[in-house]
**Student:** 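Have a look at the structure that comes next, please.
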Amino acid sequence: MGMTVPIIRENTLELIGNTPLVRLKGPSEAAGCEIFGKCEFTNPGASVKDRAALWIVRDAEARGELKPGGTVVEGTAGNTGIGIALVANARGYKTVIVMPDNQSKEKMDTLRALGAELVLVPPTKFADPNHFVHTSRRLAEETPGAVWANQFDNIANRKAHIESTAPELWEQMEGRIDGFTCAAGTGGTIAGVGMGLKEFDETITIAITDPHGAALYSYFASGELKAEGSSVAEGIGQGRITANLEGAPIDTQFRISDEEGMEWVARLLREEGLCLGLSSGINVAGAIALGKELKASGKERPRVATILCDTGFRYLSTLYNADWLRSKDLPVFDWLREGSSAST
Ligand code: PMP
């Protein structure tokens with residue numbers, strides 16, 4: 001393609017971003033469109049959140065808040081913490097992560113393995129002062145030389161996607177992109193990619209794909225923050241308009257169930273050899289819905305991109321575990337039905 005491929009990246013932080021984009025065969029056929037997935041699981045921390053971590057740390061350095069030997073404190077469902085721990089190690093900082101104790105064991109083990117100090121708290125409402133986000137803010141305030149990453153309301157998060165993910169997508173799709181969609185945790189990805197893509201082409205449709213149990217579908221559909229149902233998907237599902245979501249250019253919205261997301265997780269694994277987390281499956285289902293909608297509005301073979309947020313290897317004890325799925329009343333993947341941990 002005449003593109004210059006950098007042979008050597010000058011330092012490990014340059015391994016973040018510049019992720020491949022892949023055409024997804026099954027989803028493209030199902031939608032009668034071209035559906036593309038941005039392979040964020042190829043980041044060093046195996047998730048989309050490495051980008052936010054890098055931008056947040058660099059921003060704190062640039063503002064003079066983070067000095068050599070300092071500490072980065074964050075409240076996170078896991079992936080942001082993994083990204084921060086890697087970036088902090090590379091830049092010589094300590095990491096303290098506050099996490100709800102219902103997240104996957106793999107994420108907790110990974111954070112400990114990376115050398116982060118892990119503080120587990122019970123899951124609770126955002127209004128509760130013991131919520132993991134508020135706990136992390138207090139810890140940052142109490143720790144000398146510490147900064148609070150504050151991924152939800154620190155817009156260095158969405159800036160990562162305005163400045164890296166969006167231009168990468170634009171270039172990889174050669175400027176031919178009709179729609180983009182993904183789910184929101186902090187909202188950094190959907191807002192940042194949406195804003196960045198609209199700078200290239202105002203007519204690209206930006207859709208938010210919300211899981212059940214989150215309030216953004218209803219917010220963008222009717223202006224009311226109202227949640228319905230529930231979801232076991234980690235890392236997504238937001239109940240408020242975070243600073244990262246403020247002014248996000250959302251044109252339309254979809255709501256996708258865990259079962260539908262799991263169907264695509266299963267198909268992508270069995271038919272295309274991709275092992276992903278549930279938020280990626282929900283994103284792909286959203287991309288199919290967006291593709292169909294663009295097609296119905298007269299667009300011929302629309303080209304839609306979404307995010308493959310993290311690796312399924314992070315969920316071996318949950319999404320890929322028959323007993324866990326049964327305990328959540330979710331369907332068990334066919335190939336896990338025999339030889340589940342019950343028989344070992
Ligand atoms: N999927 C997973 C697995 C995540 O960890 C996150 C991060 N919270 C997201 C999706 C959503 O990304 P964002 O925070 O940029 O909305």
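Not measured: the values here are computed from a predicted model. Atoms within each ligand, like the ligands themselves, are counted from 1 in listed order.
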**Student:** Tell me which residues fall inside the under-4.0 Å heavy-atom shell around ligand 1.
**Tutor:**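 Contacts of ligand 1 under 4.0 Å: Lys49, Asn79, Ala184, Gly185, Thr186, Gly187, Gly188, Thr189, Glu234, Gly235, Ile236, Ser279, Cys309, Asp310, Tyr315.
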**Student:** For the atom pair CG (Asp310) and CD1 (Ile82), what is the distance rounded to the nearest 0.5 Å?
**Tutor:**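 Asp310 atom CG to Ile82 atom CD1 measures 8.5 Å (nearest 0.5 Å).
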**Student:** Are His212 and Tyr217 close enough that their ring centers fall under 6.0 Å?
**Tutor:**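 So the answer is no for these two rings.
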**Student:** Checking side-chain contact (heavy atoms from CB on, under 4.5 Å) between Lys38 and each of Leu308, Thr165, Val48, which is the one that passes?
**Tutor:**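 Going through Leu308, Thr165, Val48 one by one, the side-chain contact (heavy atoms from CB on, under 4.5 Å) with Lys38 is satisfied by Thr165 alone.
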**Student:** Taking Glu142 first and then Arg138, would you say they form a salt bridge - that is, a charged N and a carboxylate O separated by under 4.0 Å?
**Tutor:**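 No salt bridge links Glu142 with Arg138.
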**Student:** Looking at Arg267 and Glu263, is there a salt bridge between them, counting it only when a charged N and a carboxylate O are closer than 4.0 Å?
**Tutor:** no
**Student:** Regarding Arg314 and Glu234, does a basic nitrogen lie under 4.0 Å from an acidic carboxylate oxygen?
**Tutor:** no
